[in-house]
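Note on naming: letters A, B, ... go to the chains in the order of the sequence lines (proteins, then strands), and numbering restarts at 1 for each one.
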There are 2 protein chains.
Amino acid sequence: MKRIADSTVRRLSTYLRYLEDLDTKGQQTASSDELAHLCGTTSAQVRKDLSFFGSFGKRGLGYPVHELTAHLREILGLEREWKVVIVGAGKIGAALANYRGFRQRGFRIVGVYDNDPNKIGKPWGEAIVHDMADLASDIRREEAPIAVLAIPSDDAQAVVNELIGAGVRAILSFAPAQITVPPHVSLKSVNMAIELEGLSFALTNALPSQGVA
Amino acid sequence: MKRIADSTVRRLSTYLRYLEDLDTKGQQTASSDELAHLCGTTSAQVRKDLSFFGSFGKRGLGYPVHELTAHLREILGLEREWKVVIVGAGKIGAALANYRGFRQRGFRIVGVYDNDPNKIGKPWGEAIVHDMADLASDIRREEAPIAVLAIPSDDAQAVVNELIGAGVRAILSFAPAQITVPPHVSLKSVNMAIELEGLSFALTNALPSQGVA
DNA sequence: CTAACTTTGTGAACTATTTCACAAGCCACC
DNA sequence: GGTGGCTTGTGAAATAGTTCACAAAGTTAG
């Protein structure tokens, strides 16, 4: 199968979100045009994105909402549960743990880790903060494939190496540092500083730009 | 001037971060190749990115670290202070406020707002949580051009409209919702659910993909 | 059953971004 | 001051991603 662009996958997530809304409202079908308007893209884009995975629509009618929802969940791998460990018992990890959609979509937090003695053993939401020293062995035992990295940047790469050594295959990093991973591991990096600097650039260079994101 | 790609701007931020490191260490010059390795890109990409803004290097030698740092700060608009309001006194906003780099780079938080009566008036870091009712008038008075949106999605668009009406010209949103803004406003949207679903997709479709991000 | 209308799926065209590849410039050493 | 070794800056080529445009297929109304 052809390689799917990252931008396409992001849009699929967005389509899914709005289709779920429509499904809840009991809407039976949705056209590529309707979906495009909801998601801030074009109808051609919607059709192209979906066409990579099959032929889900009916000409003259549109896409069956409930069915397409199921297809997208399948495509995105959301029909199963994913075990997630959170590294760093700080604010960002907490924000994530608080977020309902997280659990709703099949991501289950199986452990929170920190190396701060003042945090270890203390409650954190419904969980208890574990010692980072146990991180690798716990991941191996639980076979958690996903890790969220929410620690200051200094030793981010070292922790990433440890995670990968323990079998983690996907990492969502909030550490403001450049991280490298081997080809069999997926990495998404969110860097608030970069986003803000992007805004600063846009304001400074007052391009008649914009950003529907 | 030609329109600069978003991907280019993001890399400029990354270059800046590593150049500052090198500068602190007292390194005089850096080649595009060295910078590329640090930032996880290619030397051609580094040179191309910089060439959009000028000719900062010396052939045979590389780029003068300290000087290029200053140029990048200038290009990114980081030589001045940006007033920022945070909407939503939750964990994400707190994470941002805690983040040292935030202030260091010239982003100054001038107010935190929430509509939860239990939070209004309470201390929040060094600040006090204000009533959302005061948001628009405060923004107008302070002339804060940047807002960080860290609220649940339900009424995100309504708040955005209020922000824009009050003169905000750039928004960093953490709300998991589709938001649209007029062309003169810049928007960056960070959606943790989409990132995680991207990882789920990658794991499910076990592409020999990766992601140096 | 037919005609008018709607909407998909998809090659082809277009636009954007990255990579290549190399002439030109600069340094250092003799 | 010439030679050899680096490294930049940049058109041109390649690759990636988006938009166009239309035939094919389905729906609805009469």
Side-chain angles (χ1 to χ4, degrees), chain A residues 1-15 19 22 27-65 67-68 71-72 75 198 201 207-213, chain B residues 1-15 19 22 27-65 67-68 71-72 75 198 201 207-213:
Chain A
M1 187 199 271
K2 204 177 165 308
R3 163 152 167 71
I4 302 300
D6 192 64
S7 48
T8 295
V9 178
R10 303 176 80 86
R11 283 191 299 266
L12 293 179
S13 283
T14 308
Y15 302 155
L19 283 165
L22 294 177
Q27 187 169 329
Q28 298 293 308
T29 60
S31 69
S32 57
D33 196 52
E34 179 175 7
L35 221 36
H37 275 95
L38 287 170
C39 301
T41 180
T42 65
S43 62
Q45 185 76 78
V46 171
R47 295 198 299 277
K48 182 70 93 182
D49 286 339
L50 295 175
S51 76
F52 291 133
F53 300 95
S55 199
F56 306 116
K58 268 208 175 62
R59 295 176 189 221
L61 195 60
Y63 297 89
V65 171
E67 214 175 302
L68 183 54
H71 277 302
L72 284 177
I75 290 165
F201 176 84
L207 309 158
S209 92
Q210 46 62 262
V212 173
Chain B
M1 188 197 270
K2 203 178 166 306
R3 160 151 169 71
I4 302 300
D6 191 63
S7 49
T8 294
V9 178
R10 303 177 80 87
R11 284 191 298 268
L12 293 179
S13 283
T14 309
Y15 303 155
L19 283 166
L22 294 177
Q27 187 169 326
Q28 297 294 308
T29 61
S31 68
S32 57
D33 196 53
E34 177 174 8
L35 219 39
H37 275 94
L38 287 171
C39 300
T41 182
T42 65
S43 61
Q45 185 75 79
V46 171
R47 293 198 300 277
K48 183 69 91 180
D49 286 340
L50 295 175
S51 76
F52 291 131
F53 301 94
S55 198
F56 306 116
K58 267 209 175 62
R59 298 176 188 220
L61 193 60
Y63 297 89
V65 171
E67 213 175 303
L68 183 54
H71 277 301
L72 284 177
I75 290 166
F201 176 84
L207 309 158
S209 91
Q210 45 62 261
V212 173

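- By the side-chain contact (heavy atoms from CB on, under 4.5 Å) test, Thr42(B) pairs with Ala44(B), Gln45(B), sequence neighbours left out.
- With rounding to whole Å, Ile4(A) atom CD1 is found 12 Å from dT18(D) atom P.
- Side-chain N/O atoms of Arg11(B) include one lying less than 4.0 angstrom from OP1 or OP2 on dT18(C).
- Contacts of Arg47(A) classified as side chain to side chain donor-acceptor pair (under 3.5 Å), with partners at least two apart in sequence or in another chain: Ser32(A), Ser43(A).
- Remark: Tyr15(A) pairs with Asp49(A) by the side chain to side chain donor-acceptor pair (under 3.5 Å) rule, at least two apart or across chains.
- A close approach under 4.0 Å does not occur between any side-chain nitrogen or oxygen of Thr42(A) and OP1 or OP2 of dT18(D).
- Scanning for side chain to side chain donor-acceptor pair (under 3.5 Å) contacts around Asp33(B) gives an empty result, with sequence neighbours left out.
- Atom-to-atom, CG of Leu12(B) to P of dT17(C) comes out at 13 Å; the value is rounded to the nearest Å.
- When rounded to the nearest whole Å, the span between CD of Gln28(A) and P of dT27(D) equals 14 Å.
- Contact annotation: Gln45(B) side-chain N/O to dT19(C) OP1/OP2 distance is under 4.0 Å.
- Computed from coordinates, the His37(B) NE2 to dT7(D) P distance equals 12 Å when rounded to whole Å.
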Collect all protein-nucleotide pairs involving nucleotides 7-10 of chain C in which both atoms are nitrogen or oxygen and the distance is under 3.5 Å.
from: dT7(C); atom 1: O4'; to: Gly60(A); atom 2: N; distance (Å): 3.0
from: dT7(C); atom 1: O2; to: Gly60(A); atom 2: N; distance (Å): 3.4
from: dT8(C); atom 1: OP1; to: Ser32(A); atom 2: N; distance (Å): 2.6
from: dT8(C); atom 1: OP2; to: Ser32(A); atom 2: OG; distance (Å): 2.5
from: dT8(C); atom 1: O2; to: Arg59(A); atom 2: NE; distance (Å): 3.4
from: dT8(C); atom 1: O2; to: Arg59(A); atom 2: NH1; distance (Å): 3.1
from: dG9(C); atom 1: OP1; to: Ser55(A); atom 2: OG; distance (Å): 2.7
from: dG9(C); atom 1: OP1; to: Phe56(A); atom 2: N; distance (Å): 3.2
from: dG9(C); atom 1: OP1; to: Gly57(A); atom 2: N; distance (Å): 3.1
from: dG9(C); atom 1: OP2; to: Tyr63(A); atom 2: OH; distance (Å): 2.7
from: dG9(C); atom 1: O4'; to: Arg59(A); atom 2: NH2; distance (Å): 3.0
from: dG9(C); atom 1: N7; to: Arg47(A); atom 2: NE; distance (Å): 2.7
from: dG9(C); atom 1: O6; to: Arg47(A); atom 2: NH2; distance (Å): 3.0

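- Within the 4.5 Å cutoff, side-chain heavy atoms of Phe53(A) are placed close to those of Ile4(A).
- Every residue two or more places apart in sequence or in another chain was checked for a side chain to side chain donor-acceptor pair (under 3.5 Å) with Glu67(A), and none qualifies.
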